Amino acid sequence: MSAGGVSGPVAAALSGTPDLGAKYEAFRDAAHEALGAQLVAHVRHAVAEVHGVASTAPHGEAPAATIAYARRMPFEHTAITDEEAAAVVAEIGEVRFVALSVVAALADAECRAGMVDLEALVDGA
Amino acid sequence: MSTNPRVSSAIEGESPHFASVLAHQPAIAERFGALYGAFWDSDVLSARLKEVARMRNARITQCGFCRNVRFDKAVAQGLGEEVVAEIDEGYEASARLSDTEKAILKFTDAIIHDPELLTGADRAALQKHLSPDQIAELGLGVTLFLALAKALITMGLEPERMERSVLPTPSRAMAG
């Protein structure tokens, strides 16, 4: 089970192929655990907001440069500067920056899969 | 887009590249390897069809690394350069791409570019050409291709120059 009990549209679409579904959730969980549940919630919310997807705002504060980086992922990933990335590394460290990049990119891809209603496509709807 | 690595290599003696940077997070690396290997090992959706979606993603996300890599299993299934060249603007009129491949490209564009691109007719075409398990596998593939390309680019791991390379297709055996 994923952090927060929400597996997302890709895992849901894989319910008929349990081996791949379990491996996808294990990968996603590893990325979320490496970043930490609180920051994952902020990052996923930031990405969802950019996509205009309904998302409940998490409690608490999040590091500003880190959230700004996550917000660039959906439509401006090639425009992130070295300086912006360095500010994130200064906030959360190099090792968590790696996890952040994976988590934000996955959040973006999952929003997009949800927006085409991948699960309904698989269900024949 | 920066080609300056924004993360150091976690493997002594190696320059920063996707695997050496991901080694900072061994659990992520291990589970990604297991997933990506199982995905490419599965023949529910052929390697050729997966590679069609991966090539489209590479072009839209501007991932130079992804764009220059070919996986050998897809090449063996007939995905030559003359076909790859047509996974571009105007692919709808291609004589080399099958109707199934065009339906896959529409779906890929909708996820990566704009969900509005996937009309009711496009959804029906995808469901006509692919089984539910194939659509699920395609959805997983596009998700991973997109996330991988964006993570690679945002970590500054794009190569300055890269020759086109045919690489062994990822597999469970390679993941260890």
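Chain letters run A, B, ... following the sequence lines, proteins first and then strands; every chain starts at 1. The model shown is predicted, which means the values in this text are computed figures rather than measured ones. Atom set for the values below is all heavy atoms of this structure, side chains included, hydrogens, waters and symmetry mates excluded.
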(message) If you define the side chain from C-beta out and look only at heavy atoms, does anything of B/Leu22 sit under 4.5 Å from A/Val102?
(response) yes
(request) Check the hydrophobic clustering (I, L, V, M, F, W, Y; side-chain heavy atoms under 4.5 Å; chains of links allowed) and say if A/Val43 and A/Val50 are grouped together. (result) no
(request) Write down the atom of A/Ala105, the atom of B/Ala151, and the distance for their closest heavy-atom approach. (result) CB-N, 4.2 Å
(request) For B/Asp133 and A/Gly16, work out which heavy atoms get closest and say how close. (result) OD1-O, 4.1 Å
(message) So which atom in B/Ile28 and which in A/Ala34 form the shortest heavy-atom distance, rounded to 0.1 Å?
(response) CD1-CB, 3.9 Å
(request) Could you check which of B/Ile111, B/Leu130, B/Asn4, B/Leu148 has the highest count of heavy-atom pairs closer than 4.5 Å to chain A? (result) B/Ile111
(message) Counting only non-hydrogen atoms closer than 4.5 Å, does B/Leu126 touch chain A with its backbone (N, CA, C, O), its side chain (CB onward), both, or neither?
(response) side chain
(message) Which one wins on heavy-atom pair count under 4.5 Å against chain A: B/His24, B/Lys150, B/Met155?
(response) B/Lys150
(message) Hydrophobic clustering (ILVMFWY, side-chain heavy atoms < 4.5 Å, transitive) - are B/Val21 and B/Phe18 grouped together?
(response) yes
(request) Would you mind telling me which of A/Leu106, A/Val10, A/Leu20 has the largest number of heavy-atom pairs within less than 4.5 Å of chain B? (result) A/Leu20
(request) Flag yes if B/Met162 and B/Leu167 sit in one hydrophobic cluster, no otherwise; membership is Ile, Leu, Val, Met, Phe, Trp, Tyr, and two members link when side-chain heavy atoms are under 4.5 Å apart. (result) yes
(message) What's the separation between atom CG in B/Leu144 and atom OH in A/Tyr24, rounded to the nearest 0.5 Å?
(response) 7.0 Å
(request) Go through the atoms of B/Phe107 and report whether side chain, backbone, both or neither lie under 4.5 Å from a heavy atom of chain A. (result) side chain
(request) Could you tell me which portion of A/Asp108 (side chain, backbone, both or neither) has an atom closer than 4.5 angstrom to a non-hydrogen atom of chain B? (result) side chain
(message) Taking side chain as everything from C-beta outward and backbone as N, CA, C, O, which of these in A/Asp19 sits under 4.5 Å from a heavy atom of chain B? Side chain, backbone, both or neither.
(response) side chain
(message) Looking only at heavy atoms and a cut-off of under 4.5 Å, which of A/Ala104, A/Cys111, A/Ala109 has the most pairs with chain B?
(response) A/Ala109
(request) Select, from A/Asp117, A/Leu118, A/Leu121, A/Val122, the one with the greatest count of heavy-atom pairs under 4.5 Å involving chain B. (result) A/Leu121
(request) Could you check which of A/Lys23, A/Glu119, A/Glu110 has the highest count of heavy-atom pairs closer than 4.5 Å to chain B? (result) A/Lys23
(message) Looking at B/Tyr91, I'd like to know if its OH atom is crowded, meaning that more than 12 non-hydrogen atoms belonging to other residues, nucleotides or ligands lie closer than 6.0 Å.
(response) yes
(message) I'd like to verify something: which residue of B/Leu35, B/Leu146, B/Asp114 has the highest number of heavy-atom pairs under 4.5 Å with chain A?
(response) B/Leu35
(message) Taking every non-hydrogen pair under 4.5 Å, which of A/Ala13, A/Ala107, A/Ala26 racks up the most with chain B?
(response) A/Ala26
(request) Under 4.5 Å heavy-atom distance to chain A, tell me which part of B/Ser8 shows up: side chain, backbone, both or neither. (result) both
(message) Quick check on B/Leu117 against chain A: is it the side chain, the backbone, both or neither that has a heavy atom closer than 4.5 Å?
(response) neither
(request) Measure distances from A/Val116 to the heavy atoms of chain B and classify the residue's part below 4.5 Å as side chain, backbone, both or neither. (result) both
(message) Counting only non-hydrogen atoms closer than 4.5 Å, does B/Leu140 touch chain A with its backbone (N, CA, C, O), its side chain (CB onward), both, or neither?
(response) both
(message) So, taking the atom named CG in B/Leu118 and the one named CE in A/Met115, what distance separates them when rounded to the nearest 0.5 Å?
(response) 12.5 Å
(request) Measure distances from A/Pro74 to the heavy atoms of chain B and classify the residue's part below 4.5 Å as side chain, backbone, both or neither. (result) backbone
(request) Output the distance between atom CZ (A/Phe27) and atom OH (B/Tyr36), rounded to the nearest 0.5 Å. (result) 10.5 Å
(request) Could you tell me which portion of A/Thr81 (side chain, backbone, both or neither) has an atom closer than 4.5 angstrom to a non-hydrogen atom of chain B? (result) backbone
(request) Give the member of A/Asp123, A/Leu14, A/Val103 that has the highest number of heavy-atom pairs under 4.5 Å with chain B. (result) A/Leu14
(message) Hydrophobic cluster membership, with links at side-chain heavy-atom distances under 4.5 Å among I/L/V/M/F/W/Y: are B/Trp40 and B/Val44 in one?
(response) no
(request) Find the distance between CD (A/Glu33) and CD (B/Gln25) and round it off to the nearest 0.5 Å. (result) 10.5 Å
(message) Is there a path of hydrophobic side-chain contacts, each under 4.5 Å between heavy atoms, that joins B/Phe65 and A/Ile80?
(response) yes
(request) Using a cut-off of 6.0 Å, state whether more than 12 heavy atoms not belonging to A/Glu61 lie near its atom CD. (result) no
(message) Within residues 85-100 of chain A, which residues come under 4.5 Å of chain B, heavy atom to heavy atom?
(response) A/Ala85, A/Val89, A/Glu94, A/Val95, A/Arg96, A/Phe97, A/Val98, A/Ala99
(message) Test your reading of the model: is there a side-chain donor-acceptor pair from A/His77 to the backbone of B/Thr61, 3.5 Å cut-off?
(response) yes
